[in-house]
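Not measured: the values here are computed from a predicted model. Here is how names work: the chains are called A, B, and so on, in the same order as the sequence lines, proteins then strands, and each is numbered from 1.
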Amino acid sequence: MADMKLPTRSEDFSEWYNQLVLRAELADYAPVRGCMIVRPYGWALWENITAALDQRFKATGHVNAAFPLLIPRNFIEKEKSHVAGFSPELAVVTHGGGEELEEPLVIRPTSETIIGHAYAKWIQSYRDLPVLINQWNSVVRWELRTKLFLRTLEFFWQEGHTAHATSEEAEAETRRMVDVYTDFARNEAAIPVIPGRKSDAEKFAGADITYSLEAMMGDGKALQFCTSHNLGQNFAKAFEIRYLDKNGTLQFCWTTSWGLSTRVVGAIIMVHGDDQGLIFPPRLAPYQLAIVPIFKSDGEKATVMENARRLQRELADAGVRVKMDEREGISPGFKFNDWEMRGVPLRLELGPKDVAKQSVVLARRDRPGKEGKSFVAQQGIAAAVKQQLDEIQQALFDRALAFRNSRTVDAADYEDLKKAVESGFANSWWCGSGDCEAKIKEETKGTMRCIPLEQPGGSGKCVYCGKQASERAIFAKAY
RNA sequence: CGGGGCGUAGCGCAGCCUGGUAGCGCGCCUGCCUUGGGCGCAGGAGGUCUGGAGUUCAAAUCUCCACGCCCCGACCA
């Protein structure tokens, strides 16, 4: 019985995370180091994430396509900083059909190069622009240290790739996607994120500007939720993506790319979970409500199940994702704990007493114990359930935001910053110098997460060197 | 790649020091009993002890060599 309990988050956050992912059956380890099997429950969550995003991408004019997994190695080498950034983590295919290949192929670590190659063929005129394509796929990066969902050799994601006629349009697209992701993070994942700009040291290999959303996990560390890159003309020049403008002049395109991966599953776990297990935000939860029927005799079973099925239908018809727990020989108490561990936002308990009263017990996952339980009449159950789901969605966001605020320090001097990054975010004036950034990283292990888009204005003294600074930046230890 | 830990039943571990019939808990199967917060009882199935080599009458146990995984750093969505 003792080993049914998870380690608590405060005693070992990392172990809490690992065990929870395995026990809740979100994922499992694969035979190859660093690879992950996403199990049905985890994939169901990912499907809800992809649906919420895909709908937003399409609403902003993007279309989906599929580009190949294998890329000629020389493609990667065409963009100077891209090759420098990705070479160490490439998986290379050297043999095919029993023969050594004349030119090795790499398994895509990201698709800028192969898509750039295609765009060069497809784009001839300003009339062909903009090109707004997204793809859902998996990519491979030979990471040294892996962790389920957060960093695996192969990971699932989407990568959007766009080409534009002007620098301004490319920048607008890059920023538009930051807004789309921010909306998704806040309203679907219930995660407060800080949209911001990356430093030169932290930006994408081949980008002029990288924007990211940064989120605080339950242990105070930062996680990069997703990124959006303005690639300038770097890839356009490397792959000769050109168009004739209205004046008949040959111009290089301006391109962007933006991506979000299965890592956000890890973010959802680490932002919302508690010592009892997962807590999924209702809008993304595979099951929004689990019904636990309770009965002793066969006679009770018949009446309870009949009533339970009626409620199940009514809720499903109203658009609620319902799971009926019909497992036999397992006590209700076990099921309560089980669904709590699995993060289902609402639980509906139905026993003979409830049937008699034509009511149910609703238990909120975000409020443990009796406090979260309420008796609700069966009449109008769907409306009551939907309202509670909305409340939970909002409560999770509010709680995460309050937690982040409680662990974010406006660090005026270096001592403050050092202390702040031990437990959360430091928000400080930064002069923009890579030297200061590097020193801070070396001395505190805290890295420059982003320069928030929202700035207070004015100026102050750089937290490290004391020189005049006009921007504030977030420093934190990161995943 | 540096540091640490670990490979014994599906999972978690003991046994190893001091060599001699491979064990415990959970899970699983069958039956009974139970079911409103992680039920109970009885019976049962399940193992080339990560791999290889060596020492020995005898190796999970001692020696050497591989391999794998996890955790902590550097790198990263």
Visitor: Could you tell me the Watson-Crick or G-U partner of B/U34, where both distances fall under 3.5 Å? Say none if there is no partner.
Guide: none
Visitor: Any pair with a residue in residues 260-279 of chain A that passes ring-ring contact (aromatic ring centres under 6.0 Å, His included), sequence neighbours left out, goes on the list, sorted by first then second residue, please.
Guide: none
Visitor: Residues from residues 289-303 of chain A sitting under 4.0 Å of RNA chain B, heavy atoms only?
Guide: A/Ile294, A/Phe295, A/Lys296
Visitor: Write down the distance separating the P atoms in B/G27 and B/C39, rounded off to the nearest Å.
Guide: 9 Å
Visitor: Quick test of your reading of the model: are A/Arg9 and A/Asp274 salt-bridged, counting only N-O distances below 4.0 Å?
Guide: no
Visitor: Which part of the nucleic acid does A/Pro88 contact within heavy-atom distance under 4.0 Å: base, sugar-phosphate only, or nothing?
Guide: nothing
Visitor: Would you please indicate yes or no on a ring centroid separation below 6.0 angstrom for A/Phe86 and A/Trp142?
Guide: no
Visitor: Expressed in angstrom and rounded to an integer, what is the separation of A/Phe334 atom CZ from B/C26 atom C1'?
Guide: 11 Å
Visitor: Any strand is fair game: report the nucleotide pairing with B/C1 by Watson-Crick or G-U wobble, both distances under 3.5 Å, or none.
Guide: B/G73
Visitor: In whole angstrom, give the distance that lies between atom CG of A/Leu22 and atom C1' of B/G27.
Guide: 15 Å
Visitor: Heavy-atom nearest nucleotide on RNA chain B for A/Ser331 versus A/Glu349: which residue maps closer to 5'?
Guide: A/Glu349
Visitor: Reckon A/Arg347 touches a base, only the sugar-phosphate, or nothing at all at heavy-atom distances under 4.0 Å?
Guide: base
Visitor: Looking only at heavy atoms, which two atoms of A/Ala215 and A/Ile191 are closest? And how far apart?
Guide: CB-CG2, 3.7 Å
Visitor: Over 60° means perpendicular and under 30° means parallel, so classify the ring planes of A/His117 and A/Phe75, tilted if in between.
Guide: tilted
Visitor: Could you let me know what B/C6 is paired to, Watson-Crick or G-U wobble, both distances under 3.5 Å, or none if it's on its own?
Guide: B/G68
Visitor: Between B/G47 and B/C13, how far apart are the two C1' atoms, rounded to whole Å?
Guide: 15 Å
Visitor: Going by side-chain hydrogen bond (donor to acceptor under 3.5 Å, both in side chains), name the residues that satisfy it together with A/Asn134, two or more places apart in sequence or in a different chain.
Guide: A/Asn64, A/Gln158
Visitor: Taking the C1' atom of each, how far is B/U18 from B/C65, in whole Å?
Guide: 26 Å
Visitor: Could you tell me the separation between the CZ atom of A/Phe336 and the P atom of B/C39, rounded to a whole number of Å?
Guide: 11 Å
Visitor: Classify the ring geometry between A/Phe239 and A/Phe235 as parallel (under 30°), tilted (30 to 60°) or perpendicular (over 60°).
Guide: parallel
Visitor: Side-chain contact test, heavy atoms from C-beta onward, threshold under 4.5 Å: evaluate it for A/Val264 versus A/Phe149 and give yes or no.
Guide: no
Visitor: Okay, side chain of A/Tyr181, backbone of A/Gly259: is any donor-acceptor separation there less than 3.5 Å?
Guide: yes
Visitor: Between the base of B/G38 and the side chain of A/Asp338, is there a donor and acceptor pair under 3.5 angstrom?
Guide: no
Visitor: Write down the distance between CD (A/Gln19) and C1' (B/C71), rounded to a whole number of angstrom.
Guide: 13 Å
Visitor: List every contact pair, protein side and nucleotides 44-47 of chain B side both N or O, where the distance is under 3.5 Å.
Guide:
none

Visitor: Starting at atom CD1 of A/Ile330, determine the distance to atom P of B/C39, rounded to an integer number of angstrom.
Guide: 9 Å
Visitor: According to the interplanar angle, ranging from 0 to 90°, do the rings of A/Tyr41 and A/Phe280 count as parallel (below 30°), tilted (30 to 60°) or perpendicular (above 60°)?
Guide: tilted
Visitor: Please report the distance separating the P of B/C69 from the corresponding atom of B/G23, rounded so that it comes out in whole Å.
Guide: 31 Å
Visitor: Taking the same atom, P, in B/G3 and in B/A74, what whole-Å distance lies between them?
Guide: 16 Å
Visitor: Can any side-chain N or O of A/Ser359 pair as donor or acceptor with the backbone N or O of A/Val355 at less than 3.5 Å?
Guide: no
Visitor: With rounding to the closest Å, how many angstrom separate the C1' atoms on B/G25 and B/G38?
Guide: 16 Å
Visitor: Just how far, in rounded Å, is C1' of B/G10 from CZ of A/Arg23?
Guide: 15 Å
Visitor: P atom, B/U50 versus B/A22: distance in rounded Å?
Guide: 15 Å
Visitor: Watson-Crick or G-U wobble partner for B/A53, using a 3.5 Å limit on both distances?
Guide: B/U63
Visitor: With a 3.5 Å limit on both atom pairs, tell me what B/U18 is paired to, counting Watson-Crick and G-U wobble, or say none.
Guide: none
Visitor: Roughly, in whole Å, what's the span from CG in A/Leu350 to P in B/U35?
Guide: 17 Å
Visitor: Consider ring pair (Phe, Tyr, Trp, His ring centres under 6.0 Å). Of A/Trp43, A/Trp136, A/Trp46, which one does A/Phe156 pass it with?
Guide: A/Trp43
Visitor: Roughly how far, to the nearest 0.5 Å, is the CG atom of A/Asn307 from the CZ atom of A/Phe295?
Guide: 13.0 Å
Visitor: Would you call A/Arg347 and A/Glu349 a salt bridge, using N to O less than 4.0 angstrom?
Guide: yes
Visitor: Salt bridge or not for A/Arg342 and A/Glu25, using N-O below 4.0 Å?
Guide: yes
Visitor: Going by purine N1 to pyrimidine N3 plus the second Watson-Crick contact, or the G-U wobble pair, all under 3.5 Å, which nucleotide sits opposite B/G12?
Guide: B/C24
Visitor: Does A/Gly259 reach a base, just sugar-phosphate, or nothing at all? Heavy atoms under 4.0 Å.
Guide: nothing
Visitor: Nearest whole angstrom, please: distance from the C1' of B/C11 to the CG of A/Asp28.
Guide: 11 Å
Visitor: When you measure only distances, ignoring hydrogens and angles, does the side chain of A/Lys373 come within 3.5 Å of the base of B/G37 through a donor and an acceptor?
Guide: yes
Visitor: Return yes if some donor-acceptor pair links the side-chain N/O of A/Arg365 with the main-chain N/O of A/Ile279 below 3.5 Å, else return no.
Guide: no
Visitor: Name the pairs: protein N/O against N/O of nucleotides 68-70 of chain B, kept only if under 3.5 Å.
Guide:
unit_1 : atom_1 : unit_2  : atom_2 : d
B/C69  : OP1    : A/Arg33 : N      : 2.8

Visitor: Please state the P separation for the pair B/G7 and B/C11 - nearest whole angstrom.
Guide: 14 Å
Visitor: For nucleotides 72-77 of chain B, give me one character per nucleotide, 5' to 3': B if any protein heavy atom sits under 4.0 Å from the base, S if the only such contacts are to the sugar-phosphate, - if neither.
Guide: BBBBBB
